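Heavy atoms only: backbone and side chains are in, while hydrogens, waters and symmetry mates are out. In what follows, every chain begins at residue 1, and chains take the letters A, B, ... in the order their sequences are listed. Predicted, not measured: the structure shown is a model, and the values here were computed from it.
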Amino acid sequence: MNVVYNPQSIEKKAQESWEHENLYQVTEDLSKEKFYCLSMFPYPSGKLHMGHVRNYTIGDVIARYQRMLGKNVLQPMGWDAFGLPAENAAMQNNIAPAAWTYSNIASMKQQLKQLGFAIDWSREIATCQPSYYRWEQWLFTKLFERGLIYRKTGTVNWDPIDQTVLANEQVIDGKGWRSGAVIEKREIPMYYFRITQYAEELLNDIDTLDHWPEQVKTMQRNWIGKSEGVTIHFPYTLDDQQAVLKVFTTRADTLMGVTYVAVAAEHPLASHAAQNNSELDAFIEECKRGSVAEADLAVQEKKGQFTGLYVQHPISGENIPVWVANYVLMSYGEGAVMAVPAHDERDFAFAKTYQLPIKQVISIENETFSADSWSEWYADKHRGVCINSESLNSLNHHQAIEKIAALLEEKKLGEKQTTFRLRDWGISRQRYWGCPIPIIHCNQCGDVTVPEEQLPVVLPEDVIPDGAGSPLAKLPSFYETTCPKCHQPAKRETDTMDTFVESSWYFARYACPDASQMIDKRADYWLAVDQYIGGIEHAILHLLYSRFFTKMMRDLNLVHVSEPFQKLLTQGMVTAPTFYRETPEGRKQWFNKTEVDISLDPKGRPISASLIADGNTVAMGGIEKMSKSKNNGVDPQTLIDTYGADTARLFIMFASPPEQSLEWSDSGVQGSHRFLKRLWSFATQHAALIRTQKEKPNAIPSSIKSWWREVQQVIQQTEKDYQRHQFNTVVSGGMKILNLLESLDLSIENNIYYLREGTNILLRILYPIVPHITYTLWEELNFKDSIVTQKSPQADPHALIQDEIDLVLQILGKTRDKITVPAQADSTYIESVVRDHATVAKFTEGRPIKRIVIVPGRLVNVVI
RNA sequence: GCCGAAGUGGUGGAACUGGUAGACGCGCCGGACUCAAAAUCCGGUGCCAGAAAUGGCGUGAGGGUUCGAGUCCCUCCUUCGGCACCA
């Protein structure tokens, strides 16, 4: 046994033996309880970053722990291989996205193997392979035939110089990232998944997700955004035609306070009015500038323009002016809103800007309304009653809505309606590196789905995009085809699918990666995923889409669960300090920590930094998420090469609990490494004694009774901590046991049994986190079988029993002393001890004791 | 702007259900070993006052509930994640 801890050699050996024995490959075994442990698959960007290492380490720890509980654990891995970065890399390096992607997969797979994850590699999938995406295309055709996919126009960012559609990410301050041109909104035809058809179920089933973080569930509920309201029709006459303008509102009780209505720039009424109104036309054009991102829209200045048109108030018949406003979203409700300046803050500000009337229709006792300035209570729907509203007067919010809805329904000018904030999911992308949409456009037959026997529609892999438009649209060999129905020449769809589509069902394909259909019955054994682990940034979109897909696949009888992920763990990000200098042009140049020298104050806090290259100062930019753009990443490969995979795993698990963000610390890494070295040298130093198999003493020797109880307490604690995924305290539990073992007096014969027992426990506690070193030591110390097949340690209840316990003595809630009482002492006994206690006498100073609060097993509080 | 989180020593974090705040590390200080350094080992370490015993203060800020609040409630501040074409 080598006395020096050499992670490189022991890790390589352990990994080779695991691979040789095929330890992590699993099959459906009905005799065992299954556990499907899934981490979000990576985008193959080139090499692993620290976020990946964290994600997959958490997954691996859970998978190995579940295995120790005797379960049949599936932990697969694959590649979310389609996406925009491959196209960017292609343009930069003149390499085809496919070649770039496959080479990235190879190197990242190599790195994952070095980290020693218990992955079943026989199930590996890459979404860019035709064998994967053909089933996505197949599903598309089925859903299209069922009407769950449809075509309509949608708004995209258009770069007028590059003549191409841009992703939101590629629009910076309203300008194209390459061309610098001001971006325009453009309407183009797209395919949509009818996710709104499942809105109600997606919302209701959130209640069944007992093991999801509450915050994620709340975010999903708000994203779906169910609201009960009333659709109100405002009649108007245009070119002698009778029509109605529909608006949706949750505040129908304020209908009598409407002083204008506002429509989105894209609303038909706006376009109509703009035909002979150049000022309005210019305004609508202005609204079309800038990105389509909602965050950008929400912060822009609220602007509007009168259309010159009027609609009639459905109750009073008054003329109501129609405005175009940039804050009205065409995609929500009817693309039009009724404005009640007196009781909506945004309408109030708008009315002030454009001198529109403000009419109070809600009042609250003891509050005075003033049209001069806004007060929070104007919008309070819980306390007010209607005024100035004819038959609604003195009714509250609910009563008024019921009454007005009935009134409108009778007049056929409105109806109660449930609306969702959730919109249908537009999946068309005018890009090359994605799954081709399996549609053929025929002049005779319209949109025809590609028949099953012609699938997959294979994406040519040797294309290098040039940044201008979609490469597929320039490839006649791809788009020229014949109609499957009439066999006339026809054009293949050249858009590809949103990459979120691939990641919405991959978890089901892992169950049967080689199936000759989309999903076969093996999925019934493995689904649902028992534990899903991934970044919090996916809390809404990816998770919602996966839930939606699961429900659609269930309705197609492909899977038999309604929810894909039973338990969800959302990991925090990995952060590190940043350093920068401002260039003369005012741009920030970021430096990596390896390029700078940091000076510390006497307490070890960083005070300044300088660039090693020139010795001049650089600014400290604070702690930020590790990213390429801030140049503050730490390469996991360097970490593995220097310290080994176990140190990397240990540090990441120890530095913070999985859901919190993790701050990188070089000295923290060294500390973790030091612990493993200590463990190794402790084991090698005492190897002979540990290997000695002593008889278990009949009773725990009284000299180490409390020592042994401490070990047992740690077992009890780490058991709980594993279950609640608080791995940082599992590690500190392991450190405590090593500290205890080092304090054990080995000159006492009886203690040798406890040395072996304690070491055995320690290795099993740490195994899921640092599998290589514990696997090796287990073998070296002649413990039974392999640690891979061991059970997780369990506390011995007898060893936990105490005869006497310490109670904290508080006086008026302040800790003053401790008292020792028999473990089964009752409150009468404790009270009598406390009344006679010197410390109590000292602090009460003769004042009478009013009350004695006793918390069993914990504390006594004397109230005076 | 909207939705969702987080703020605890010099520092990462612990405190599970309202019950001893600071476990376990890192750093720092002191010591041992060494010609010396590194590594390793031992001891100390929330802040203020004090030689010490001890006392006071202390979980972003301000209020509240409670015998008792890091934990529950209200208001505010700061930082972070998402906002539908980054993945």
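Among the protein residues, A:Ser667 comes within range of the sugar-phosphate backbone only, with heavy atoms under 4.0 Å from sugar or phosphate atoms but none that close to a base. Using a 4.0 Å heavy-atom cutoff across all strands shown, A:Pro657 reaches sugar-phosphate atoms only and no base atom. Residue contacts for A:Arg858: at a heavy-atom cut-off of 4.0 Å it reaches the sugar-phosphate backbone alone, with no base atom in range. Among the heavy atoms of the strands lying under 4.0 Å from A:Leu422 is at least one base atom, whether or not backbone atoms are also near. Residue-level contact check: A:Leu859 touches the bases, meaning some heavy atom is under 4.0 Å from a base atom. Counting non-hydrogen atoms under 4.0 angstrom, A:Phe654 reaches a base of the nucleic acid. Within the nucleic acid shown, A:Asn861 comes within 4.0 Å of at least one base atom, counting heavy atoms only. Among the atoms of the strands shown, none is found under 4.0 Å from any heavy atom of A:Val731. Within the nucleic acid shown, A:Glu294 comes within 4.0 Å of at least one base atom, counting heavy atoms only. Contacts of A:Phe500 with the nucleic acid, taken as non-hydrogen atoms under 4.0 Å apart, include base atoms. The residue A:Met190 sits close to a base: some heavy atom pair falls under 4.0 Å. Among the protein residues, A:Met40 comes within range of no part of the nucleic acid, since none of its heavy atoms lies under 4.0 Å from any strand. Across all strands shown, A:Arg674 has heavy atoms under 4.0 Å from sugar-phosphate atoms exclusively, and none from any base. Across all strands, A:Gln215 comes closer than 4.0 Å only to sugar-phosphate atoms, never to a base (heavy-atom distances).
Of the two residues near RNA chain B, A:Phe41 and A:Lys302, the one whose nearest nucleotide lies more 5' is A:Lys302. Along RNA chain B, the nucleotide nearest A:Arg724 and the nucleotide nearest A:His538 are compared for position; the residue whose nucleotide lies closer to the 5' end is A:Arg724.
If you check B:U40, B:C67, B:C83 against the side chain of A:Trp223, the one that comes closest is B:C83.
Base-pair partner of B:G1: B:C83 (Watson-Crick or G-U wobble, both distances under 3.5 Å).
Under 4.0 angstrom from either OP1 or OP2 of B:A15 there lies at least one side-chain N or O belonging to A:Gln726. Checking the phosphate oxygens (OP1, OP2) of B:C85, no side-chain nitrogen or oxygen of A:Thr496 falls inside 4.0 Å.
Taking the six-membered ring where the residue is Trp, A:Tyr56 and A:His52 present parallel rings, their angle staying beneath 30° rather than reaching 60°.
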